[in-house]
Amino acid sequence: MKKIFDGKKTAKLGTEKKPAVVNVQTKKRLKEVESIFAENGWKCTIGLEPDKPENITDLEILLNPTKPNIAEKKIGRNEPCPCGSGKKYKKCCGK
C-alpha cells in the first residue's frame with residue numbers, strides 16, 4: 001500500500017530549497033524576469049534558450065497565488081429551516 005503523506009514538509013516555491021525554474025527566449029526578457037524576481041525576493045533559475053518556447057509557469061504561480069476554498073457552514077439538525085417554514089430543519093427539509 002502506498003503512503004499518501006510521508007510526514008515531510010514540501011518547500012515553498014521561490015525559496016533556496018525550491019527555486020522557481022523559468023525559461024525565456026531573449027536577453028531582454030531575461031532582464032525583465034530577473035527584475036521581477038529581485039523585487040519580490042524570490043529565488044530562481046532562469047534559462048536562456050532561444051530555440052525553445054518560453055516557460056514562465058512558476059513565475060505566474062508566484063504572482064497569482066491560489067486562494068483557499070472556504071466551506072459553507074452546514075445547517076444543524078435542530079436549527080430553524082432556511083426555507084422559512086418555522087419548523088426545525090430535521091422535521092422540514094432535512095428528512
Apply side chain to side chain contact (heavy atoms under 4.5 Å, CB included) to residues T45 and V22 and explain how you reach the verdict. CA-CA 6 Å; T45 303; V22 177; over 6 Å; no

A side-chain contact here means heavy atoms from C-beta on lying under 4.5 Å apart; do L63 and I36 qualify? yes

The reported gap from SG in C93 to CD1 in I75 (rounded to nearest 0.5 angstrom) is 8.5 Å

Report the distance from atom CG of L62 to atom CG of L13, rounding to the nearest 0.5 Å. 4.0 Å

Can you pull the side chain to side chain donor-acceptor pair (under 3.5 Å) pairs that have at least one residue in residues 21-44, sequence neighbours excluded? R29-E32, R29-E54

All heavy atoms of K87 vs all of C92, minimum pair found to be CB-CB, 4.1 Å

Is atom CG of N69 surrounded by more than 12 heavy atoms (other residues, nucleotides or ligands) closer than 6.0 Å? no

Are L59 and V21 connected in a single hydrophobic cluster, I mean Ile/Leu/Val/Met/Phe/Trp/Tyr linked by side-chain heavy atoms less than 4.5 Å apart? no

When you look at NZ of K91, are more than 12 heavy atoms from neighbouring residues, nucleotides or ligands closer to it than 6.0 Å? no

So, for Y89 and P82, which heavy atoms are closest and what is the spacing to 0.1 Å? CD1-CD, 3.9 Å

What distance separates T10 OG1 from K17 NZ, expressed to the nearest 0.5 Å? 10.5 Å

